[in-house]
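The structure under discussion appears below in the form of C-alpha cells.
Treat the numbers as computed from the prediction; the structure is a model and nothing was measured.
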Amino acid sequence: MFLLAGLLAVTSGYAQKKNFSYKFYGQVRGDLFYNSRANSEIVDGLFHLYPKDISPDADGNDLNATANGSFYLLYSRLGIDVAGPSVGKAKTTAKLEVDFRGSGSNFAMIRVRHAYVNLDWGKSAVLIGQTWHPLFGDIFPQMLNLSTGAPFQPFSRNPMLRYRYTNQGWSLTGAAIWQLQYLSTGPNGKSEEYIKNSCVPEFYAGVDYKTNNWMVGIGADLISLAPRIKSEVGDKTYKVKERVTSVSVEAHARYTDDNWKISAKTIMGENLAHLCMLGGYGVSSIDKRTGEQEYTSYRHSMTWLNVVYGKKWQPGLFVGYLKNLGASKDIVGPTYGVGLDVDQVFTTNLQLSYVLPHWKLGVEYSPSLAWYGDRTLADGRIRDTHSVTNHRILGVLIYSF
C-alpha cells in the first residue's frame, strides 16, 4: 500500500516536474497449479523447471511421486515508466518495476524486477541498471507458466551496462553484466561472491536483423568466475588463484503477423545455472601441495519452439528439449551446478487463453520428462538412463492496468 500510494503521488504530481512524463502500470496475477510429482522448482512450485528423480523409501515407494499444488498472487506487479528531459541530444527514459516475489524464504515482500535509465541518441542507446539478461533477449516463449520456457530458455534479470546500435533493420548489442538476484553456483552454494571475486563481469555480444514479419539473430556470452580465493590442505591455508571461464552461443528467430506468433531459440551453453537453466562446472585437476584447483564447464544443448495463434482465443504450443553433453575434460573432484545428474529433459506445453482488453484467462497442460542416469562417465555424461514424468496443470488470471 505504501508503494502504491507513493507511485500515485508521483503520477499525480507530474505537472510540477517540468519536462517529465509518467506512465503508471501493473497487473494483478493469480496462478493456480497442480503437479503430479515433486519437481525442481523456484518459489515453492510457482516456477517449474523439471521433475525430480525417483527417491525410494524403505519399502521401495517413490517419495517424489507425490502430487502437490497451490494458489499464489506473488507475481502481481507495479511499475512506472518515466520520460525525462534530454541530456544533450539523448532522450532520457527510466523504468522502475516491482513484484511481491521477495527472495529466499521471504515471500510476499517487494522485489525489484526492473530499475534502469536509458539514454537514446536515435541509432545508439545506452542502458544502465537492471533488466532482462541479453540471453533472455527480445525472443522468448509466449506461455502462461512463469518459467517462460526455463530451463530451455534463459531467465534472469541482472544489473548491467548495455550498448545498442540500430540501423536499417540491423541491431548490434553489447553488454557487461553482474549478478544480484540470480546467482552462479560454487563451493559455497549459490552466491554473488564468485563473480565479485573474479573482478570481471559477464559479457554478451549479439546481432539481430528485423523485417516486417521476421526477426533473426545470434549471440555469444562469456562468464568467468573465481570459485575460491583460498585452499586448505591439512592444517595449512594457501592463497589460490582459481578461475573457470565459460562460453555460450545462441541463435533465435521469430515470425509474427496478425494471427501467428512463431518463435524458436537454440543454445549451446556452458555453466548457465545463474539463468535458471541446467549447468555448472567440476574440478578437473588438483595441486597436491596447495590444493589449488582447475575447472571444466559442463556443456548443455537447449532448443525450444513456440507457436501461438489468434487474438481473442489464443491456443498455443511450446516444445523444449535439452541434453547434457558433459565436460571437455574429465572431472576428478567436486561438481557445482544445477541438474548435473540429469541427462535429458523434454517438455510440452499446450495452452489456451481468452484475451480481452486488460484481462487474460488461461489454462495450460504441461507434461515434462527428465532422464536420470544410473551411471556417470568421467567427463560428466550420463548413461543407463531412466525417465520420470510430471503432469502439470496451470490456471492463470491476469488483470492488467
### Donor-acceptor under 3.5 Å (S231 side chain, T290 main chain)
yes

### Query
Are any of the side-chain heavy atoms of V388 and P51 separated by less than 4.5 Å?
yes

### Message
Any donor-acceptor pair under 3.5 Å linking the side-chain atoms of N35 with those of N390?
### Response
yes

### Message
Whether the Q179 and S184 side chains hold a donor-acceptor pair (N or O, under 3.5 Å, no angle test) is what I'd like checked.
### Response
yes

### Task
Locate the shortest heavy-atom distance separating P151 from L278; write the atom from each residue and the value.
CB-CD1, 3.6 Å

### Under 3.5 Å: donor-acceptor pair, side chain of S86, backbone of K89
no

### Message
Could you check whether E270 and H300, counting side-chain N and O atoms only, form a donor-acceptor pair closer than 3.5 Å?
### Response
no

#### Entry: salt bridge (Lys or Arg N to Asp or Glu O under 4.0 Å) pairs, two or more places apart, involving residues 364-386
R375-D384, D379-R381

### Set of ring-ring contact (aromatic ring centres under 6.0 Å, His included) partners for W371, sequence neighbours left out
none

### Side chain proximity check, I267 to L272, heavy atoms < 4.5 angstrom
yes

## Note on the structure
What one should report as the nearest heavy-atom pair of L73 and G30 is CG-CA, 4.1 Å

#### Entry: Ring centroid separation W304 to Y321 under 6.0 Å
no

### D62 versus S55, closest heavy-atom pair with distance
OD1-N, 2.9 Å

### Task
Before giving the answer on side chain to side chain donor-acceptor pair (under 3.5 Å), spell out for S124 and R164 the whole-Å C-alpha distance, their side-chain angles and the decisive distance to 0.1 Å.
CA-CA 6 Å; S124 295; R164 179 167 289 170; over 6 Å; no

### Query
Have E294 and S285 got a donor and an acceptor in their side chains that come within less than 3.5 Å?
yes

### Query
With distance as the sole test, does S301 use its side chain to make a donor-acceptor pair with the main-chain N or O of M268 at under 3.5 Å?
no

### Message
What I want to check is whether the side chains of Y238 and E232 have a donor and an acceptor closer together than 3.5 Å.
### Response
no

### Query
Charged N to carboxylate O below 4.0 Å: is that the case for R113 and D99?
yes

### Task
Would you please name every residue forming a ring-ring contact (aromatic ring centres under 6.0 Å, His included) with Y194, sequence neighbours left out?
none

Validation: residues 333-343 side-chain donor-acceptor distances under 3.5 Å, sequence neighbours left out:
| residue | atom | partner | partner atom | Å |
| --- | --- | --- | --- | --- |
| D343 | OD1 | K323 | NZ | 2.9 |
| D343 | OD2 | K323 | NZ | 3.1 |

### Message
Please evaluate residues Y72 and L146 with respect to the criterion side-chain contact (heavy atoms from CB on, under 4.5 Å), reporting the C-alpha separation (whole Å), side-chain torsions for both, the decisive distance (0.1 Å), and the verdict.
### Response
CA-CA 12 Å; Y72 293 112; L146 279 166; over 6 Å; no

### Message
Give me the atom names and distance for the closest heavy-atom approach of I139 to A264.
### Response
CG2-O, 4.1 Å

#### Entry: T92 side-chain N/O to P85 backbone N/O, donor-acceptor pair under 3.5 Å
yes

### Query
What pair of heavy atoms forms the shortest contact from R228 to Y295, and how long is it?
NE-OH, 3.8 Å

### Message
Has E41 got a side-chain atom pairing as donor or acceptor with L46's backbone, closer than 3.5 angstrom?
### Response
no

### Task
Please examine the side chains of V82 and K95, heavy atoms only from C-beta on, and report whether any two atoms are closer than 4.5 Å.
no

### Query
Is there a donor-acceptor pair closer than 3.5 Å between any side-chain N or O of Y281 and the backbone N or O of T185?
yes

### Query
Okay, side chain of R162, backbone of G174: is any donor-acceptor separation there less than 3.5 Å?
no

#### Entry: Evaluation steps, side chain to side chain donor-acceptor pair (under 3.5 Å), between Y25 and E97
CA-CA 9 Å; Y25 67 93; E97 181 180 302; 2.6 Å; yes

### Summary
side chain to side chain contact (heavy atoms under 4.5 Å, CB included) test vs M302 passes for just one of M277, Q153, K265, namely M277

### Message
For the aromatic rings, using the six-membered ring if either is Trp, is the centroid distance between W132 and F140 under 6.0 Å?
### Response
no

### Query
Looking just at side-chain N and O atoms, do Y116 and N118 make a donor-acceptor pair shorter than 3.5 Å?
no

### Message
Any donor-acceptor pair under 3.5 Å linking the side-chain atoms of R392 with those of N145?
### Response
yes

### Task
Look at the aromatic rings of H133 and H274 and report parallel, tilted or perpendicular, splitting at 30° and 60°.
perpendicular

#### Entry: Contact check, side chains of F152 and T303, non-hydrogen atoms, under 4.5 Å
no

### Query
Regarding T131 and H114, is there a side-chain donor-to-acceptor distance under 3.5 Å anywhere?
yes

### Query
Do you know the tightest heavy-atom contact between H252 and I218?
CE1-N, 3.9 Å

### Message
Test: ring-ring contact (aromatic ring centres under 6.0 Å, His included). Region: residues 157-182. Which pairs qualify, not counting sequence neighbours?
### Response
W170-Y209

### Query
From Y34 OH over to S70 OG, what is the distance, rounded to the nearest 0.5 angstrom?
14.0 Å

### Task
Look at the rings of F155 and F47 and say which category their plane angle falls in: under 30° parallel, 30 to 60° tilted, over 60° perpendicular.
perpendicular

### Query
Between L144 and S353, is any pair of side-chain heavy atoms under 4.5 Å apart?
yes

### Query
So with a 6.0 Å cut-off around NZ of K261, is the heavy-atom count from everything else above 12?
yes

### Message
side-chain contact (heavy atoms from CB on, under 4.5 Å) for D221 and E202? Distances and angles first, verdict last.
### Response
CA-CA 7 Å; D221 184 86; E202 183 178 358; 2.7 Å; yes

### Query
Do L352 and W313 have side-chain heavy atoms sitting under 4.5 Å apart?
yes

### Query
Quick one: does L135's side chain get under 4.5 Å of E250's, heavy atoms only?
yes

#### Entry: G189 backbone acceptor or donor facing S191 side chain under 3.5 Å
no

### Message
Does R111 qualify as a cation-pi partner of F100, given the criterion of NZ or CZ under 6.0 Å from the six-membered ring centre and within 45 degrees of its axis?
### Response
no

### side chain to side chain donor-acceptor pair (under 3.5 Å) evaluation trace for Q142 with N306
CA-CA 7 Å; Q142 302 293 313; N306 181 223; 5.9 Å; no

### Task
Check the pair L222 / T245 against side-chain contact (heavy atoms from CB on, under 4.5 Å), numbers first and verdict last.
CA-CA 7 Å; L222 182 147; T245 300; 4.1 Å; yes

### Query
Without hydrogens or angle criteria, can the side chains of D53 and H386 be said to hold a donor-acceptor pair below 3.5 Å?
yes

### Message
Whether the side chain of N39 engages the backbone of R37 through a donor-acceptor N/O pair (distance < 3.5 Å, no angle test) should be reported.
### Response
yes

### Side-chain heavy atoms of N158 within contact of L180, under 4.5 Å
no

### Task
Could you walk me through whether T296 and S284 pass the side chain to side chain donor-acceptor pair (under 3.5 Å) test, one step at a time?
CA-CA 6 Å; T296 180; S284 59; 5.7 Å; no

### Query
Do NZ/NE/NH1/NH2 and the carboxylate oxygens of R29 and D31 come within less than 4.0 Å?
yes

### Message
Can you list everything that forms a ring-ring contact (aromatic ring centres under 6.0 Å, His included) with Y75? Sequence neighbours excluded, please.
### Response
none

### Message
Is it true that E193 and N188 share a donor-acceptor pair across their side chains at a distance under 3.5 Å?
### Response
yes

